[in-house]
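One structure is given here, and the rest of the page talks about it.
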Amino acid sequence: MSVETHAQSHHEHPDVVGSRNRLGLILLLVADISFALAVLFVYFYLKGQNVNDMWLPKASDTQDATVPVSSMGAWYVTIIAALGLLFHRYGLAGAKARNQTQLVLGSGVAFVASLAALIYQGIQMNNAPFTITMGAYASCYYLIAGLNMVHLFLTVFVSLGNWNRSRLGIYSADHWHVEIVKVWWTWMTISSLLGAFALSFT
Amino acid sequence: MTTMMDRPAATPGHSAPKKALIERLNIFTAFALGIIGAIVFYYVAKAILPANTDGSYIKSNNDQYVIFSMIGWFIGFMTGIGALIGPFRWLLGKDLNHDENMFYAGKDQGVKRYFRYTTDHKVVGIQYLVLTMIIFFVGGVLAMLIRTNLGHAGGGWLQPQTYNAIVGTHGIIMIVGTIIMITGPFGNFIMPIMIGARDMAFPRLNALSLWLIIAAVPCILSSFFLGGISTGWVAYNPLASQAPAGMDGYIMFICIFALSTMVAGANITTTVIKMRAKGMTWNRTPIFIYGVVASVALALPAFPVFFLSQVMSGMDRAAGSTFYNTMGGGSGWLYENLFWIMGHPEVYVILIPGVAALMEMAPVFTRRPLFSFNLAIMGIAGISGLSILVWAHHMYTTGWAPLLNGPFMLTTELISIPTGLLFLVLIGTLWRGRLWMTMPTASIYALLWNFMIGGITGIYLSDVPVDGALHGSMYVTAHFHYTLMGAGLTGALASLVYWFPKMTGRMFDKTLSWIGFWFVQIGFNIAFISMFFVGLAGQPRRVEAYAAMFSRGNMITTGGAYLIMAGMLVLLYGVISSWTGGVKAPMNPWFAKTLEWSVPNPVPLENFDVLPVVTSDAYGYGKAQS
Amino acid sequence: MSDLEAPKRPSVFERKDIKQTVYFWVVFTAIIGYAAAELQARSMGVSASETMSTTIHMMRVFTWVAAPIAGLVAAMAMTTLISKIHFGDTPPEEADHQIRNATKLSATWLIVSSVLCLFAVVWGTVVLQKDNAALLNPQAMNVNVTGQQWAWNFDYIDNGTVRSQDLYLPVNKPVVFHITSKDVIHGFWIVQMGIKVDANPGYTTETSATPNKIGIYDLRCAELCGLYHAFMQTKVHVVSQADYDAWIKSQGGQA
C-alpha cells in the first residue's frame, strides 16, 4: 500500500499548485466576464429602447444637449493596457528563460503602464462634457469608465506586487504567479476593449 | 479504502515572542474597525460631497451618506478581521510561511478559532451553520409577523410601510439564507472530506466568503432603522428609487453577498475539479458533490448580473444617474431583465443541493445503490444549463417583449424533463429498498411530495395564458415556497440531522428530530396549500389587507405557519441540546460508504493522515447477485 | 426444490409489489387528479371572459395530465413504505439486489415526460397566438389605462373625453387596453377575466379581453407599488351595450 506521509502534502509540486490557482482565477473571471457583458447589455438595451427619446437628451432651457464623447479616449486607454500586457508577457518570457533582468524590466514597465492607464482614465472621466445625471448615455458612460477604473486599480495592485516580487527574486524557482497575472492582464485588456467598442456606438 | 494511522505528535507551537498582527485580529476588532470606518466615512462624505442644490434627480444627500458609511463599515470590517493581510503580504513578497498558515487554519486555538479569520474548512463550515441558523431565525420571525398580520382581513396591526418593509426583508434574507444553507455548512465541512482532500483549494478565500456575508448582514439589518426595504425582495425600480434609505442597506447587502458567492463559487468548483482523492474518477464522485458544484458554479455567472443591477440602483439613488429613471431615458424593464437573469438560476442554486443531499442519503437509508447515477447527473446538468435561459418567464406579464413569451415558455417547460429525472432517481432508489426509517428517510418522502406539488404548479405558471391569471397572486408565493422551502429546506434539515454526528461529534436527538419534522411538514402543507387557493381566488401577493372572501384561507395559512414555527423551534432546541449534551456519535453512525465517515470524530485538522485511494463509488449497497 | 426445476420467476404482473403499486397508482391518480383539478378550478371562481374559461380549462387538463405521474411516484413510494420498514439505530439487512439501472424504464420515463412537455408547450403556444391576435382586432374598442400610486384611471378614447375610476365595459364586445403608468410599475389585473399586464412608466403595454357575462368584477394591482398597494383596486362593471351607451352619455361622451 502506498503511504503518503503527512509532511509531503505541504510540498505539492508548484505545477499542481499553479494549475489549481489558474483554474481558480479563470472561474473568478467567469464572474467578472458576466459582469462586463451585463454592462454591455445595459448600454445597448438602453440605447435601443431610447425611452422618452432621452438616450441623448436634447437641449432644454435648463441644460445643454448631451454630446457623446469621442470613443478615442477609451481606445487610447485600451492601447496603454495592451502595451502593459505586452511588457508583462516580455517579462514572463524572461522568467521562463531565467533571465532576471528581463523579468524585472518587463514587470516594471507593465506596472508603469497600468498606472498610466489608470490616471488617464481618471482624467477622461473628470473631463467629460456632461455629468452622470444627463440621461441614459451619460450614465452608461460613467458606468463603463467606472468599471475600467476598478479593473485598472486592481491591475495596479497586481502588477506592483508582480514587479516587487520579481525584484526580490521570488520567481527564480517557479513562476506560475506571473502566468496567472498574465491571464488577468489579458482579460483586463479585453474588457477595456469591449468598453471602447461599446462607446464607439452612440 | 483508507488507512488510519496514529497522528504524528504535534509539533511544538512556534509561539513568537511578540504577538504578530494576525494573532491580534478577531471578530471584535472587525466590528470595532467596521464601526470606526462607518463613522469616519460618514463624516468624510459629509465634508467633501457637495450639498445637493441643482435638484436633478437626487432627493437629498441622505443616500450618499448611508452608502458611504456602509462602504466604510465594509472596508473597516474586512481590515479588522484580517482579510487584507494575505494580499498585502503577497504584494510585499513576504508570503505566509508554514507556521503562519497553520495559525490561520486555527491550529491549537480551541474555541477562539471560531471567532477568527480561520481557514480550516471545518471551522468555516461550523461558522456557516451558525450563521445560517441566525439568518433563518431573523427571517422566520419576520415570516411570523407577516402571517400574524394577515391573520384576519382588512389589514392587521402593522402600518403599511412597516408591513412592506417586513415582507421585503423576509424575502431577501431568506433567499440568502437558503442559498447558503447547504453549500455553506455542508459544502464546506463535509464536501472536502467526501472527496478525500485535506482542505479547500483556497482556504483563505474560503474564510473570505464567510466573513463577507458576516460583513453584509449588518447592512440588511440596519435597513430596519433606515425606513426598511419596502419593495419586496425583488426591489423593482423605479419603486426602489422612491424607497427610503433602507434600500441602500439592501444594495450594499447584495453587492457584498455577490462578492461572497463569486469567491465561494470559484473556490468550491476548483476544489472539486482539482483535489479529489486518487481514484475518484467522475463516475465515482458522490452525487452530493455534483449538486454542490452545480449550485455554486451556476451562481458564478448569475450573481454578478444582480451585483450590477444593484450598483446601478445605488448610482440612481446616490449619484443621480438615470439607468432606471424613464424621465432620463432609463427603463424599468432593464432592471427586471438583469434581476431575473440572476433570479432564475438562483432558484436552482437553492434547490439543487437540497435534492442532491437527499439523493446522497437515499442509498444509505434504503441499503441499495443509487438508481441510475448517470441520469441524476444528467438531471442536475440539464436543470443548470436550462436555468440560464428561462429568466423571462418571470416577465410574461410585464409586456416587455410579447413575442419572446413563446420561446421562453418552451425553455421553461423543457426544465420539467431534467426535473423529472431527479424524481426518477429518487423513486427508483426507494423502490424495493429496505427502508431504514429515520428523519432523513422521511425527508425524502417529504421532498417527493412537496417538490411534486411545487413542480406541477410550476408547469401551470410556465404556461403564458395561465400565468396571465396567476402571476402576482398568492399562488406564485405558495409555488416557490413549495420548491425552495418544501424541497430545498427539507433537504437542508435532513442534511443537518444526517451530518450532525460528523460535524459536532454527537448524534442529533432522534425524538426531537421526528417531532420537528412532523410539525414543520404538516404546518408547511397546511399553510401553503391554502395559500394556493386564495391565490387562485385572486388575492395578490405582498398585500397587507385583503377582501373578506380570502379570510378563511389566510387564517388557515397563519395557523400552519405557527406549526412551522413550533417545529423549527423544536429543531433549534434539538441542535443546541444535542450539540451540548447529545449521545457521542460513533465514527460512522449510518454505516455509509462515503469518505467523510472514514475519519474519526472530531475530524483532525487536515482530515486525513494518509490520503485515501478510491477504488469504487460510494453506492455499493445491497447483496451482490450471484 | 428439485435441482432440475429452475425456480420459476413470476411474470412481472404477478408480483405482489407490482400489483400493489398498480392498485395504488390507479387510486392515487384518481384522487390527486380529481382533487387538484376540481378544487383548483372551483376556487378560480366566476369566469367573465373566454380567456378565463380557457385558462380554467387548461388548469384542469394539465392537472389530469400530470396526475398519473404524481400518482405513479406516490404509488411506488407507498409500496416501499408499507413493505419493508425498519426502525432502530443500526441499519437493516442490505437490499437483496444491486440494481443500478433500468434502461428501458428510464427511456420510457424520458419519452413520456418529453411528450407531455411538448403537449404543454404546443397547446400553450396555440392559445398564446389567439391572445396575441386579439390585440389586432379592428372591431375592438380601445381603453387607455393609467396607473398611478394608488389609483386607476380609464380613458374611453373611442367615446370622446370620458374618464372614470371604475371600469365600464359593454358585454360581448372585444376591448383592447393600452396601459401605462405615471410613476412606478403597477400590475393591471382583471381577476375574473384572467388577463394581466404591467403598467410601466415610459412604456405602453397592451392586453385584450372580451367580457361575456354581465356583472361586477374585481380589478386589482398585481405588482407591489408602494404604501397602499393592497388598496389599489377598483371594480369592473360589465353592462349591456345599451346601458354602456347610456353611461357614456351621462359622462359627457358620444356613444
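What you are looking at is a predicted structure, and each value in this text was computed from that prediction instead of being measured. All chains are named by letter (A, B, ...) in the order of the sequence lines, taking the proteins before the strands, and each is independently numbered beginning at 1.
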Would you say B/Gln159 has more than 12 foreign heavy atoms packed within less than 6.0 Å of its CD?
-> no
Nearest 0.5 Å, what's the CZ-CE distance between B/Phe533 and C/Met44?
-> 11.5 Å
Let me know if B/Tyr621 has heavy atoms under 4.5 Å from chain C in its side chain, its backbone, both or neither.
-> both
In sequence, state the C-alpha distance, the side-chain angles, and the governing distance for C/Met76 and B/Leu430, and then conclude on side chain to side chain contact (heavy atoms under 4.5 Å, CB included).
-> CA-CA 8 Å; C/Met76 289 176 76; B/Leu430 287 183; over 6 Å; no
Aromatic rings C/His86 and B/Trp436: how do their planes relate, parallel, tilted or perpendicular, breaks at 30° and 60°?
-> perpendicular
Contact origin within B/Asn374 toward chain C - heavy atom pairs under 4.5 Å = neither
Are any non-hydrogen side-chain atoms of C/Glu93 and B/Arg434 less than 4.5 angstrom apart?
-> yes
Pair B/Val543-C/Arg220, side chain to side chain contact (heavy atoms under 4.5 Å, CB included): steps then yes or no = CA-CA 11 Å; B/Val543 289; C/Arg220 298 201 175 97; over 6 Å; no
Partner chain B: residue of C/Met59, C/Met193, C/His229 with the largest heavy-atom pair count (under 4.5 Å) | C/Met59
Interface check, chain C: of B/Phe423, B/Tyr236, B/Phe371, most non-hydrogen pairs under 4.5 Å belong to B/Phe371
Any chance you could measure C/Trp189, atom CH2, to B/Thr397, atom OG1, to the nearest 0.5 Å?
-> 10.5 Å
Highest number of heavy-atom pairs under 4.5 Å with chain C among B/Gln161, B/Arg542, B/Arg368 belongs to B/Arg368
Region of B/Ile453 that comes under 4.5 Å of a non-hydrogen atom in chain C | neither
Output the option from B/Met549, B/Lys510, B/Gln539 having the highest count of non-hydrogen pairs under 4.5 Å with chain C.
-> B/Lys510
Please tell me if the side chains of B/Leu370 and C/Arg100 come closer than 4.5 Å, counting only heavy atoms from C-beta onward.
-> no
Find the one option among C/Ile32, C/Leu39, C/Asp218 whose heavy-atom pairs under 4.5 Å with chain B are most numerous.
-> C/Leu39
Do C/Trp109 and B/Leu421 come within less than 4.5 Å of each other through their side chains, counting heavy atoms only?
-> yes
Considering all heavy atoms of both residues, which atom of B/Met452 and which atom of C/Ile69 are nearest to each other, and what is their separation?
-> CE-O, 4.2 Å
Between B/Ser230 and C/Leu224, what is the shortest heavy-atom contact and its length?
-> O-CD2, 3.9 Å
Determine yes or no for a side-chain-to-main-chain donor-acceptor pair under 3.5 angstrom, with B/Asn164 supplying the side chain and C/Gly226 the backbone.
-> yes
Find out whether C/Asp89 and B/Met507 are in side-chain contact, i.e. whether some heavy atom of one side chain is under 4.5 Å from a heavy atom of the other.
-> no
Do B/Pro540 and C/Cys221 come close enough that some side-chain heavy atom pair is under 4.5 Å?
-> no
Among C/Asp131, C/Thr125, C/Ile185, C/Thr103, single out the residue with the greatest number of heavy-atom pairs under 4.5 Å to chain B.
-> C/Ile185
C/Thr63 and B/Tyr460 side chains, donor-acceptor separation under 3.5 Å = yes
Do you know which of B/Leu410, B/Asn405, B/Leu435, B/Thr326 has the most heavy-atom pairs under 4.5 Å to chain C?
-> B/Leu435
B/Trp333 and C/Thr205: which non-hydrogen atoms are nearest, and at how many Å?
-> CZ2-CG2, 3.7 Å
Side-chain heavy atoms of B/Tyr546 within contact of C/Gln233, under 4.5 Å | no
Where do B/Ala469 and C/Met52 come nearest, in terms of heavy atoms and distance?
-> CB-SD, 4.4 Å
Region of B/Leu424 that comes under 4.5 Å of a non-hydrogen atom in chain C = both
Could you tell me which portion of B/Leu470 (side chain, backbone, both or neither) has an atom closer than 4.5 angstrom to a non-hydrogen atom of chain C?
-> both
Measure the shortest side-chain to side-chain distance between C/Thr51 and B/Pro465 over non-hydrogen atoms and say whether it is less than 4.5 angstrom.
-> no
Could you check which of C/Gly187, C/Gly45, C/Ser114 has the highest count of heavy-atom pairs closer than 4.5 Å to chain B?
-> C/Ser114
Portion of B/Asn588 that has a non-hydrogen atom of chain C nearer than 4.5 angstrom | neither
Closest heavy-atom pair and its distance - B/Pro160, C/Leu227 | CB-O, 3.4 Å
With no hydrogens and no angle check, is any side-chain donor or acceptor of B/Trp431 less than 3.5 Å from a backbone partner on C/Ala77?
-> no
Where on B/Val464 is there a heavy atom nearer than 4.5 Å to chain C: the side chain, the backbone, both, or neither?
-> side chain
Does the B/Arg541 side chain pair with the main chain of C/Ala222, one donor and one acceptor, at a distance under 3.5 Å?
-> no
Based on non-hydrogen pairs under 4.5 Å, which of C/Gly202, C/Gly124, C/Ala36, C/Ala74 is most in contact with chain B?
-> C/Gly124
State whether the number of non-hydrogen atoms from other residues, nucleotides or ligands found under 6.0 Å of C/Tyr23 atom OH is greater than 12.
-> no
For chain C, find which of B/Pro589, B/Gly472, B/Gly538 contributes the most heavy-atom pairs closer than 4.5 angstrom.
-> B/Gly538
Show the numbers, then the answer: is there a side chain to side chain contact (heavy atoms under 4.5 Å, CB included) between B/Leu239 and C/Glu223?
-> CA-CA 10 Å; B/Leu239 183 63; C/Glu223 200 65 70; over 6 Å; no
Where the side chain of B/Glu413 meets the backbone of C/Val121, is there a donor-acceptor pair that is under 3.5 Å apart?
-> yes
Might you confirm whether atom CD of C/Glu94 has over 12 heavy atoms from other residues, nucleotides or ligands at distances under 6.0 Å?
-> yes
Taking atom CD1 of B/Ile427 and atom OG1 of C/Thr79, what is their separation to the nearest 0.5 Å?
-> 8.5 Å
Taken to the nearest 0.5 Å, the spacing of C/Met58 CE from B/Asp463 CG works out to 4.0 Å
Given B/Thr429, B/Ile459, B/Val425, B/Thr231, the one with more heavy-atom pairs under 4.5 angstrom with chain C than any other is B/Thr231
Would you tell me whether B/Tyr475 and C/Gln40 have side-chain atoms, one donor and one acceptor, within less than 3.5 Å of each other?
-> yes
By a 4.5 Å heavy-atom criterion (distance strictly below it), what part of C/Leu81 contacts chain B: side chain, backbone, both, or neither?
-> both
Is C/Asn200 reaching over with its side chain to a backbone N or O of B/Thr398, donor-acceptor style, under 3.5 angstrom?
-> yes
Could you check if a side-chain atom of C/Tyr203 sits within less than 4.5 angstrom of a side-chain atom of B/Ser331, using non-hydrogen atoms only?
-> yes
Calculate, to the nearest 0.5 Å, the distance between atoms CD1 and CD1 belonging to B/Ile417 and C/Ile111 respectively.
-> 11.0 Å
C/Lys196 side chain to B/His471 backbone, donor-acceptor under 3.5 Å | yes
So which of C/Leu116, C/Val73, C/Leu110, C/Thr80 has the biggest tally of heavy-atom pairs under 4.5 Å with chain B?
-> C/Thr80
